[in-house]
Amino acid sequence: EVSEDTPDITAARHLFWKVPRAERTGVLAEAVGTAWPAIVFCRTRHGSDRLARQLDKAGIRTAAIHGGRSQSQRTRALSDFINGKVHALVATDVAARGIHVDDVAAVFHFDPPEDHKAYIHRSGRTARAGRSGVVISLLTPEQVKDAQRMQREIGLDEPVGEPEAEVLLESVPSPATAARAVAYVAPGHRQSEERGQRNRNRNRNGDRDRRGQGSRGGQGNRNGRSRSQSSQDRDRNDSEQSDRRDGGGNSSNRSRNGKP
């Protein structure tokens, strides 16, 4: 379903960030981790799939939705998005026009829209049904002038600046969404936590092993002492028996020799 109605984008906050091309994916991952559920727009199917894979590696659960996916794949992706199983949908323009979800916290223009009309239709996926939302454009330096011209065509007058996490967090539309941001953990921090947990587990296992070895060592010492004591007892018994035999033999010899 493709809606022909022009969305009202005035309820959303619009941010324009200038980002070097090589840094866009990292900036996007951090931003989606703060403001989700989100829809991320790319121009091409291939670009959508590639970006979805890159975001997945960065710890952002995503689903790509575009004309190259089967109907069942698109339906499952949308269902996962609505049910909170993914942080973001990565979509092309045509595929996203039929998405009508009221609780989209943010729209990201990863690739610039074709024109101001496309910007309006993309941005209209957030701030729906009386809710607020945020729209973020990730602009490479050479895209800034085109974005400023597009702003004039749709009546916006927003500055183009560096990414600011604090501003984005202030723009998150509801306390519920802000609370959900805790669910995203930056990959570096997550890896550090995992390493720390593995080290703690190894330390605990090492302590148990050492205690087990100490217990086995103590038991071994006790067993060793028991064996040594038994050996000593046997030696004493053998010596006493030998002495008695020797004593008895001497008495018999003295009797035969007529000596007392």
Practice prompt. Go through Glu153 and Tyr119 one step at a time and tell me if the side chain to side chain contact (heavy atoms under 4.5 Å, CB included) criterion holds.
Written response: CA-CA 11 Å; Glu153 292 175 343; Tyr119 181 90; over 6 Å; no
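- Thr62 approaches Ala52 most closely through the heavy-atom pair OG1-O, 3.2 Å.
- Using a 4.5 Å heavy-atom threshold, the side chains of Val144 and Lys18 count as touching.
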Fill in: Chi angles and distances behind the side-chain hydrogen bond (donor to acceptor under 3.5 Å, both in side chains) call for Gln71, Arg74
CA-CA 5 Å; Gln71 183 60 47; Arg74 293 196 299 269; 2.8 Å; yes
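- To the nearest 0.5 angstrom, Ile60 atom CD1 is 11.5 Å from Thr25 atom OG1.
- The side-chain heavy atoms of Leu89 and Leu78, taken from C-beta on, include a pair separated by under 4.5 Å.
- Considering only heavy atoms from C-beta on, His116 stays 4.5 Å or farther from Gln151 through its side chain.
- Proximity of Pro113 to Phe41: side-chain heavy atoms (C-beta onward) are nowhere separated by under 4.5 Å.
- Between His14 and Ser137 there is no side-chain heavy-atom pair separated by less than 4.5 Å.
- Heavy-atom minimum distance, Ser48 versus Ala64: O-CB, 4.4 Å.
- The line from CZ of Phe16 to CG of Leu138 is 11.0 Å long, rounded to the nearest 0.5 Å.
- Summarising the geometry, atom CZ belonging to Arg53 is positioned 7.5 Å from atom NZ belonging to Lys57; distances are rounded to the nearest 0.5 Å.
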Practice prompt. Please test Leu51 against Gln54 for side chain to side chain contact (heavy atoms under 4.5 Å, CB included), starting from the C-alpha separation and ending with a verdict.
Written response: CA-CA 5 Å; Leu51 182 60; Gln54 292 171 336; 3.8 Å; yes
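- Look at Arg69 and Asp49 and you find a salt bridge, because one of the NZ, NE, NH1 or NH2 atoms lies within 4.0 Å of a carboxylate O, short of that distance.
- Look at Asp146 and Arg149 and you find a salt bridge, because one of the NZ, NE, NH1 or NH2 atoms lies within 4.0 Å of a carboxylate O, short of that distance.
- Inter-residue side-chain proximity for Pro112 and Arg43 is flagged as met; some heavy-atom pair is nearer than 4.5 Å.
- Side-chain N or O atoms of His87 include one that pairs as donor or acceptor with a backbone N or O of Arg61 at under 3.5 Å.
- Ala38 approaches Phe81 most closely through the heavy-atom pair O-CE1, 3.3 Å.
- In this structure, Arg45 contributes its side chain and Thr92 its backbone to no donor-acceptor pair below 3.5 Å.
- Side-chain contact between Val135 and His109: present, with at least one pair of heavy atoms (C-beta onward) separated by less than 4.5 Å.
- With values rounded to the nearest 0.5 angstrom, Arg122 atom CZ is found 11.5 Å from Ile39 atom CD1.
- To the nearest 0.5 Å, atom CG of residue Asp157 and atom CD of residue Gln148 are 9.5 Å apart.
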Item to complete: Check the pair Trp17 / Val167 against side chain to side chain contact (heavy atoms under 4.5 Å, CB included), numbers first and verdict last.
Response: CA-CA 11 Å; Trp17 290 350; Val167 173; 5.8 Å; no
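- The neighbour count for Asn83 CG, taken as heavy atoms of other residues, nucleotides or ligands under 6.0 Å away, is above 12.
- Taking all atoms of both residues into account, the shortest heavy-atom contact from Phe108 to Ala106 is CE1-CB, 3.7 Å.
- At least one donor-acceptor pair closer than 3.5 Å links the side chain of Thr126 to the backbone N or O of Val104.
- Atom OG of Ser123 sits about 7.0 Å away from atom CD1 of Ile154, to the nearest 0.5 Å.
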Discussion item. Between Arg21 and Gln143, does the side chain to side chain contact (heavy atoms under 4.5 Å, CB included) criterion hold? Intermediate values first, please.
Written reply: CA-CA 10 Å; Arg21 184 174 296 276; Gln143 294 169 345; 4.0 Å; yes
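- By the 4.5 Å heavy-atom criterion applied to side chains, Arg24 and Asp111 are counted as neighbours.
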